[in-house]
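Input: a single structure, listed below in structure tokens.
For the numbers below, each heavy atom of this structure counts, side chains included, while hydrogens, waters and symmetry mates do not.
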Amino acid sequence: QLELVESGGGLVEAGGSLRLSCLVRGRHFQMYHMGWFRQDPGKELEAVSCISLSGDKTYYRDSLKGRFTISRDNTKNTLYLQMDNLKPEDTAMYYCATVRTQETLGVIDRCEAATYRGQGTQVTVSS
């Protein structure tokens, strides 16, 4: 059983930055692929970024490449999402979750939320 607790959301102006953190309480964090998802009211949950067990492989939504960076610290049971050059369309509730990944030729090309998900942290970007 895992408990995922996100933090770091808030209100920021367009062009600004935020760093989200996800503390995972429970055992064997290093055995889970992890990811960040976001959802606007009335819209579907969408994958933002995912990372492999050791952090050597990452996946990003195409529209976010170059602006967002995912990382993890397995010694601290923590997942991170650095978000730079934020845009109003990035406004959403952001969730961390354990994930299932799909690879093609050693590259993660798909990830989906799996068993555990946090309560979310709100990110609002003003124009």
Side-chain angles (χ1 to χ4, degrees):
Q1 186 78 14
L2 298 181
E3 180 185 6
L4 284 61
V5 182
E6 302 95 337
S7 62
L11 174 64
V12 64
E13 291 184 353
S17 298
L18 285 173
R19 188 192 195 203
L20 306 184
S21 298
C22 173
L23 174 64
V24 179
R25 297 186 175 123
R27 298 176 66 183
H28 307 308
F29 170 69
Q30 68 277 12
M31 295 178 63
Y32 293 90
H33 298 290
M34 298 295 299
W36 289 96
F37 297 79
R38 67 185 184 186
Q39 188 171 29
D40 241 354
K43 295 184 179 180
E44 292 187 356
L45 188 72
E46 62 181 29
V48 171
S49 181
C50 295
I51 190 166
S52 61
L53 302 178
S54 65
D56 62 331
K57 297 178 181 179
T58 57
Y59 162 88
Y60 295 94
R61 191 172 194 81
D62 283 345
S63 60
L64 303 177
K65 290 179 181 177
R67 296 195 297 121
F68 288 16
T69 304
I70 192 171
S71 61
R72 65 189 296 165
D73 187 337
N74 286 348
T75 66
K76 296 181 179 179
N77 279 23
T78 303
L79 176 73
Y80 302 99
L81 184 69
Q82 177 68 39
M83 305 186 295
D84 298 317
N85 191 21
L86 282 160
K87 302 177 180 181
E89 52 263 41
D90 295 319
T91 295
M93 184 71 78
Y94 284 71
Y95 303 90
C96 66
T98 57
V99 302
R100 288 183 291 270
T101 61
Q102 173 182 289
E103 292 187 17
T104 302
L105 299 177
V107 176
I108 300 175
D109 56 12
R110 179 185 172 87
C111 66
E112 59 183 23
T115 307
Y116 301 103
R117 192 173 88 173
Q119 294 300 306
T121 185
Q122 178 67 39
V123 171
T124 303
V125 184
S126 63
S127 57

Problem - Rounded distance (nearest 0.5 Å) linking atom CG of D73 with atom CG of L23 - result: 11.0 Å

Handout entry: Those residues that, when tested against T69, pass side chain to side chain contact (heavy atoms under 4.5 Å, CB included) (two or more places apart)
Key = Y60, Q82

Handout entry: Cluster overlap V99 with F68, hydrophobic side-chain contacts below 4.5 Å
Key = no

Exercise for the section: Using the side chain to side chain contact (heavy atoms under 4.5 Å, CB included) rule, take I51 and H33 through it: C-alpha gap first, then chi angles, then the decisive distance, then the call. Expected result: CA-CA 6 Å; I51 190 166; H33 298 290; over 6 Å; no

Exercise for the section: May I ask you to test the D109-Q102 pair for a side-chain heavy-atom distance under 4.5 Å? Expected result: yes

Practice task
With sequence neighbours left out, write down each residue that passes side chain to side chain contact (heavy atoms under 4.5 Å, CB included) with S54, or none if nothing qualifies.
Solution key: S52, D56

Problem - Exam field: side chain D90 to backbone N85, donor-acceptor pair closer than 3.5 Å - result: no

Practice task
Mind checking the CD-OG spacing from E89 to S127? Nearest 0.5 Å is all I need.
Solution key: 10.0 Å

Completion exercise
Of all heavy-atom pairs linking Q30 and N74, the shortest is CB-ND2, 3.7 Å

Handout entry: Donor-acceptor under 3.5 Å (E6 side chain, G120 main chain)
Key = yes

Practice task
Treat each ILVMFWY residue as a node, draw an edge where side-chain heavy atoms are under 4.5 Å apart, and state whether L64 and V12 are in one component.
Solution key: yes

Completion exercise
The reported gap from CG in L81 to OG1 in T121 (rounded to nearest 0.5 angstrom) is 11.0 Å

Exercise for the section: State the OG1-CZ distance between T115 and R117, to the nearest 0.5 angstrom. Expected result: 12.5 Å

Handout entry: Sidechain-backbone polar pair: S49 side chain, Y59 backbone, donor-acceptor under 3.5 Å
Key = yes

Exercise for the section: State, to 0.1 Å, how close C111 and T101 come at their nearest heavy-atom pair, and which atoms those are. Expected result: CB-CG2, 4.0 Å

Handout entry: Common cluster, M83/F37, ILVMFWY with side-chain heavy-atom separation under 4.5 Å
Key = no

Handout entry: hydrophobic_cluster_shared for I70 and M34, side chain cutoff 4.5 Å
Key = yes

Practice task
Considering non-hydrogen atoms only, spot the tightest contact between Y32 and R27 and give its length.
Solution key: CE1-O, 4.1 Å

Handout entry: Minimum side-chain heavy-atom gap E3-Y116 below 4.5 Å
Key = no

Problem - Student check: side-chain heavy atoms of V125 and E13 closer than 4.5 Å - result: no

Problem - Pairwise side-chain contact, V24 with R72, heavy-atom cut-off 4.5 Å (strictly under) - result: no

Fill in the blank from the handout: Distance col, row L20:CG vs R38:CZ, nearest 0.5 angstrom, shows 11.0 Å

Practice task
State, yes or no, whether a side-chain contact exists between L11 and Q122 at a heavy-atom distance under 4.5 Å.
Solution key: no

Practice task
Please round to the nearest 0.5 Å and tell me the distance separating atom OG1 of T58 and atom NZ of K65.
Solution key: 9.0 Å

Exercise for the section: Verify the cluster assignment for I108 and L79: are they in a single hydrophobic cluster under the rule of side-chain heavy atoms below 4.5 Å apart? Expected result: no

Handout entry: Least distance between heavy atoms, D40 atom then A92 atom
Key = OD1-CA, 3.7 Å

